[in-house]
Amino acid sequence: MNSRKTFALIDLSAYRQNLVYLSGKASPAKLMVVVKADAYGHGAVELSKVAQESGVDRLAVAFLEEGIKIRQSGISLPILVLNYVEKKEIPTAKEFSLTLSLSSFAQLEDIIGLNKQLPDFQLVVDTGMRRLGLEWEESIELYNSAVRKGINITGAYTHFATADEKGSGFVLEQREAFGRFLQGLGQRRNRHFETHISNSAGTIYFDNSDFSYVRAGIATYGLQPSKETDENLKPVLSWVSCVSFVKRIRTGYSVSYGRTFVADRDMLVATIPVAMPMDTIDCSLIEDMLSFRARDAKCWAGFVWINSLSTYLTLRSLSRLVMKL
């Protein structure tokens with residue numbers, strides 16, 4: 001039952017179009033689709049199946065359990081787990097054929113102390129994001145130590161911090177640091193060694209021909225990865241709701257908790273049952289994440305003022321409706 005008549009619609013055709021577009025932008029690098037956090041709320045299992053059918057080469061998730069859920073759904077694509085995995089859970093990754101990330105000497109000691117069959121690993125190199133991984137010089141040492149211990153390192157990656165900023169010099173610094181790491185490995189890495197550096201913004205704006213993969217996340221869902229607008233990206237999610245109540249308020253009337261909005265003239269307000277409680281909603285979230293582009297639209301705590309009404313409407317159609325006022 002959905003008595004609110006409020007739901008999200010996922011457009012699989014738009015998702016497929018985004019995958020094709022991003023694959024073309026990445027080429028000759030291949031596309032690794034990031035489906036962490038339940039594919040950013042779009043449904044990881046369902047979209048992973050579409051990605052596999054569309055010829056995507058690899059998936060990436062944040063946590064071990066995300067990869068397990070996708071694998072249990074019948075997906076056979078290689079899956080990279082980006083986050084740290086605790087020592088006792090490492091054998092589980094092998095059981096489900098998941099590739100883990102190696103980011104420190106302490107983690108390496110945990111791995112070699114297991115005395116069990118191990119999964120493959122990829123090395124995380126910190127070139128400026130400052131989350132996981134060691135800097136490039138230490139990463140070379142970590143790679144050498146892991147290989148000497150018999151760990152199968154199938155690739156290495158880093159992550160841009162400012163790829164969404166046009167003309168960022170820090171992108172070049174990070175790319176150069178990762179290049180020095182790869183040069184430091186020299187012939188010790190085989191021709192199948194996988195490398196990747198670009199996120200969604202890097203996939204669209206940079207040449208990735210020197211790398212094996214790109215890691216595209218939000219762009220695959222049609223969200224803009226930077227302030228630059230790429231019209232080729234098709235939004236995958238639409239938020240659909242209905243107007244549950246309409247009333248006219250007078251000049252000086254306040255709306256909802258905290259009286260954060262006071263009407264400067266007589267107007268109609270409409271209640272949309274989209275939040276919990278239903279009259280509490282962050283309209284900046286709507287605007288940023290769901291293409292609610294009417295910058296001057298009047299939206300406070302779940303209320304939107306309108307001059308006409310339809311039974312069902314998406315937030316995009318609602319924004320157009322409001323802009324007509």
Side-chain angles (χ1 to χ4, degrees), residues 32-40 44 58-68 70 78-94 96 98-114 118-147 149 151-164 168 170-171 173-182 184-185 189 193-203 206 208 211-218 225:
M32 182 187 306
V33 172
V34 181
V35 289
K36 64 183 180 180
D38 195 29
Y40 296 63
R58 182 182 282 273
L59 303 174
V61 297
F63 298 101
L64 180 65
E65 55 269 32
E66 294 175 339
I68 292 172
I70 292 170
I79 301 174
L80 173 63
V81 179
L82 300 170
N83 218 324
Y84 171 82
V85 172
E86 205 172 1
K87 178 180 179 178
K88 65 181 181 181
E89 296 170 338
I90 291 173
T92 304
K94 174 66 175 177
F96 288 96
L98 305 176
T99 301
L100 299 185
S101 296
L102 175 63
S103 58
S104 71
F105 284 101
Q107 186 186 4
L108 177 59
E109 290 303 312
D110 282 344
I111 294 167
I112 61 180
L114 279 170
L118 297 172
D120 293 338
F121 287 84
Q122 292 201 1
L123 200 69
V124 190
V125 182
D126 180 17
T127 59
M129 192 67 177
R130 312 304 179 209
R131 294 196 302 201
L132 297 176
L134 305 174
E135 296 193 29
W136 70 267
E137 300 95 335
E138 289 182 287
S139 292
I140 293 173
E141 297 177 21
L142 179 58
Y143 174 85
N144 291 335
S145 296
V147 171
K149 299 293 185 180
I151 309 300
N152 189 29
I153 306 295
T154 62
Y157 66 96
T158 190
H159 193 73
F160 284 135
T162 59
D164 58 329
S168 170
F170 196 61
V171 166
E173 291 181 31
Q174 287 192 264
R175 191 166 181 143
E176 289 170 1
F178 193 56
R180 287 193 290 271
F181 162 76
L182 295 176
L185 296 188
R189 60 187 177 105
F193 192 84
E194 298 170 348
T195 58
H196 38 107
I197 188 171
S198 279
N199 51 14
S200 286
T203 299
F206 304 141
N208 290 282
F211 305 103
S212 310
Y213 287 94
V214 298
R215 297 185 310 276
I218 62 172

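Note that the structure is predicted; figures quoted are calculated from it, not measured.
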Check: Quick one: does Glu66's side chain have a donor or acceptor within less than 3.5 Å of a partner on Ala62's backbone?
Finding: yes
Check: Are any of the side-chain heavy atoms of Asn152 and Leu118 separated by less than 4.5 Å?
Finding: no
Notebook entry, point to check: Heavy-atom distance under 4.5 Å between the side chains of Gln107 and Leu132, does that happen here?
Noted result: no
Notebook entry, point to check: Which heavy-atom pair separates Val124 from Ser139 by the least distance, and what is that distance?
Noted result: O-OG, 4.1 Å
Note to self: If I take atom CD from residue Glu141 and atom CG from residue Leu108, how far apart are they, to the nearest 0.5 angstrom?
What the structure shows: 12.0 Å
Checklist line | side-chain hydrogen bond (donor to acceptor under 3.5 Å, both in side chains) partners of Asn83, counting only residues at least two apart | finding: none
Next item on the list: Determine yes or no for a side-chain-to-main-chain donor-acceptor pair under 3.5 angstrom, with Ser200 supplying the side chain and Gly217 the backbone.
Entry: yes
Checklist line | Atom of Thr203, atom of Ser198 and distance for their closest heavy-atom approach | finding: N-CB, 3.7 Å
Notebook entry, point to check: For Lys149, does the NZ atom have more than 12 heavy-atom neighbours from other residues, nucleotides or ligands under 6.0 Å away?
Noted result: no
Notebook entry, point to check: Does a side chain donor of either Asp120 or Thr154 reach within less than 3.5 Å of an acceptor in the other side chain?
Noted result: no
Checklist line | From Glu65 atom CD to Glu89 atom CD, the distance as rounded to the nearest 0.5 Å | finding: 7.5 Å
Check: If every non-hydrogen atom of Tyr213 is compared with every non-hydrogen atom of His196, which pair is closest and at what distance?
Finding: O-CB, 3.3 Å
Check: Looking at Ser212 and Glu194, what are the two nearest heavy atoms and their distance?
Finding: OG-CA, 3.4 Å
Notebook entry, point to check: Under a 4.5 Å cut-off applied to non-hydrogen side-chain atoms, are Thr99 and Phe121 in contact?
Noted result: no
Notebook entry, point to check: Taking atom CD1 of Ile111 and atom CG of Leu102, what is their separation to the nearest 0.5 Å?
Noted result: 5.0 Å
Item checked: Residues in salt bridge (Lys or Arg N to Asp or Glu O under 4.0 Å) contact with Asp126, at least two apart in sequence or another chain -> Arg130
Next item on the list: Would you check, one step at a time, whether the test side chain to side chain contact (heavy atoms under 4.5 Å, CB included) holds for Leu82 with Leu80?
Entry: CA-CA 6 Å; Leu82 300 170; Leu80 173 63; 3.7 Å; yes
Note to self: Do Phe193 and Ile153 have side chains that approach each other closer than 4.5 Å (heavy atoms only, starting at C-beta)?
What the structure shows: yes
Note to self: Do Thr158 and Met129 make a side-chain contact, defined as non-hydrogen atoms from C-beta onward lying under 4.5 Å apart?
What the structure shows: no
Notebook entry, point to check: How long is the span from the CG atom in Asn199 to the CE atom in Met32, to the nearest 0.5 Å?
Noted result: 12.5 Å
Check: What is the minimum heavy-atom distance between Ala44 and Asp38, and which atoms define it?
Finding: N-OD1, 2.8 Å
Notebook entry, point to check: Looking at CG of Asp110 and NZ of Lys88, how far apart are the two atoms once the value is rounded to the nearest 0.5 Å?
Noted result: 12.5 Å
Next item on the list: Using distance alone, with no hydrogens and no angle criterion, decide if Ser101 and Tyr157 have a side-chain donor and acceptor under 3.5 Å apart.
Entry: yes
Check: Do Leu98 and Pro119 have side chains that get closer than 4.5 Å, going by heavy atoms?
Finding: no
Next item on the list: Please tell me if the side chains of Asp164 and Pro225 come closer than 4.5 Å, counting only heavy atoms from C-beta onward.
Entry: no
Next item on the list: With the side chain counted from C-beta on, respond yes when Phe105 and Leu134 share a heavy-atom pair under 4.5 Å apart, and no when they do not.
Entry: yes
Item checked: Check: Phe206 ring centroid to Phe160 ring centroid under 6.0 Å -> yes
Checklist line | Val34 to Tyr40 - nearest heavy-atom pair and separation | finding: O-CE1, 3.7 Å
Next item on the list: Quick one: pull up CG in Leu182 and OG1 in Thr195 and give me the separation to the nearest 0.5 Å.
Entry: 6.0 Å
Checklist line | Thr127 and its side-chain hydrogen bond (donor to acceptor under 3.5 Å, both in side chains) partner, picked from Glu176, Arg180, Arg175, Gln174 | finding: Gln174
